[in-house]
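Only heavy atoms go into these numbers, but all of them, side chains included; no hydrogens, no water, no symmetry mates.
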Amino acid sequence: QFQVVESGGGLVQPGGSLRLSCAASGFTVDDYAIAWFRQAPRKEREGVSCISRSVGSTYYTGSVEGRFTISRDNAKNTVFLQMNNLKTEDTAVYYCAAVSTFSCANVAGPPLFGSWGQGTQVTVSS
């Protein structure tokens with residue numbers, strides 16, 4: 001069964017950092033493009049970042065470019081999102097999902113298989 005579990009969220013002050021983890025089971029992260037999404041209250045879910053399969057090309061939405069870094073650890077079958085210089089507008093529930101190659105390049109969904117995971121809450125507040 002294809003499944004992802006997000007973790008690493010929390011409460012952080014503006015300018016702080018967090019590292020989110022996306023642990024996969026039932027599939028190998030190196031075989032798929034993996035994207036991070038977020039959904040703030042009363043807003044649509046939006047793509048944040050994506051790492052392509054195999055080669056590992058990375059893509060970011062403009063608002064996080066230069067602050068967030070996506071990476072993959074094949075040995076742990078996990079994808080990470082390092083978030084630095086966090087801003088209050090980064091507050092949201094963060095989700096990860098396997099996506100198509102086309103979706104990855106556009107930092108967009110939908111998920112390739114399964115439903116969305118439970119996500120991890122990131123709150124940036126002073």
Flag yes if more than 12 heavy atoms outside Glu65 fall under 6.0 Å of its CD atom; otherwise flag no. yes

Flag for Thr78-Asp73: side-chain donor and acceptor within less than 3.5 Å: no

Using the six-membered ring of Tyr95, assess whether NZ or CZ of Arg38 lies under 6.0 Å from its centre and within 45 degrees of the ring axis. no

Scan residues 19-35 for pairs that pass side-chain hydrogen bond (donor to acceptor under 3.5 Å, both in side chains), counting only residues two or more places apart or in two chains. Asp30-Arg72

Got Glu6 and Val4 here, is their nearest side-chain heavy-atom distance under 4.5 Å? yes

Side chains of Gln3 and Phe27 in contact at under 4.5 Å (non-hydrogen atoms): no

For Ala24 and Val29, work out which heavy atoms get closest and say how close. CB-CG1, 3.5 Å

Does any part of the side chain of Leu20, heavy atoms only, come nearer than 4.5 Å to the side chain of Val122, both counted from C-beta? yes

CZ on Phe68 to OG1 on Thr58, rounded to 0.5 Å: 14.0 Å

Leu81 versus Ser49, closest heavy-atom pair with distance: CD1-CB, 4.1 Å

So which heavy atom on Asn85 is nearest to which on Ser17, and how close? N-OG, 4.3 Å

Going hydrophobic residue to hydrophobic residue with side-chain gaps under 4.5 angstrom, can you get from Val5 over to Val93? no

Any sub-3.5 Å donor-acceptor pair from Thr123's side-chain atoms to Leu11's backbone N or O? no

Note, Gln82 side chain near Ile70 side chain (heavy atom, < 4.5 Å): no

Quick one: which of Asn84, Val48, Thr69, Val107 gives a side-chain contact (heavy atoms from CB on, under 4.5 Å) with Val64? Val48

Should Tyr59 and Cys104 count as side-chain neighbours, where that means a heavy-atom distance under 4.5 Å? yes

Might you point out which heavy atoms bring Ile34 and Cys22 nearest each other, and give the distance in Å? CG2-SG, 4.3 Å

So does Ser125 get a backbone contact from the side chain of Thr88, meaning a donor-acceptor N/O pair under 3.5 Å? no

Determine whether Phe80 and Ser71 make a side-chain contact, defined as any pair of heavy atoms from C-beta on separated by less than 4.5 Å. yes

Nearest 0.5 Å, what's the CD-CH2 distance between Glu46 and Trp36? 14.0 Å

Could you tell me whether the side chain of Lys87 reaches within less than 4.5 Å of the side chain of Val124, counting heavy atoms only? no

Would you please indicate if the ring centroids of Trp116 and Phe37 are separated by under 6.0 Å? yes

Interatomic distance, Gln121 atom CD to Tyr94 atom OH [nearest 0.5 angstrom]: 9.5 Å

Would a 4.5 Å heavy-atom cut-off, applied to side chains only, mark Ser100 and Leu112 as touching? yes

Taking every heavy atom of Ala33 against every heavy atom of Cys50, the minimum-distance pair comes out as CB-SG, 4.1 Å

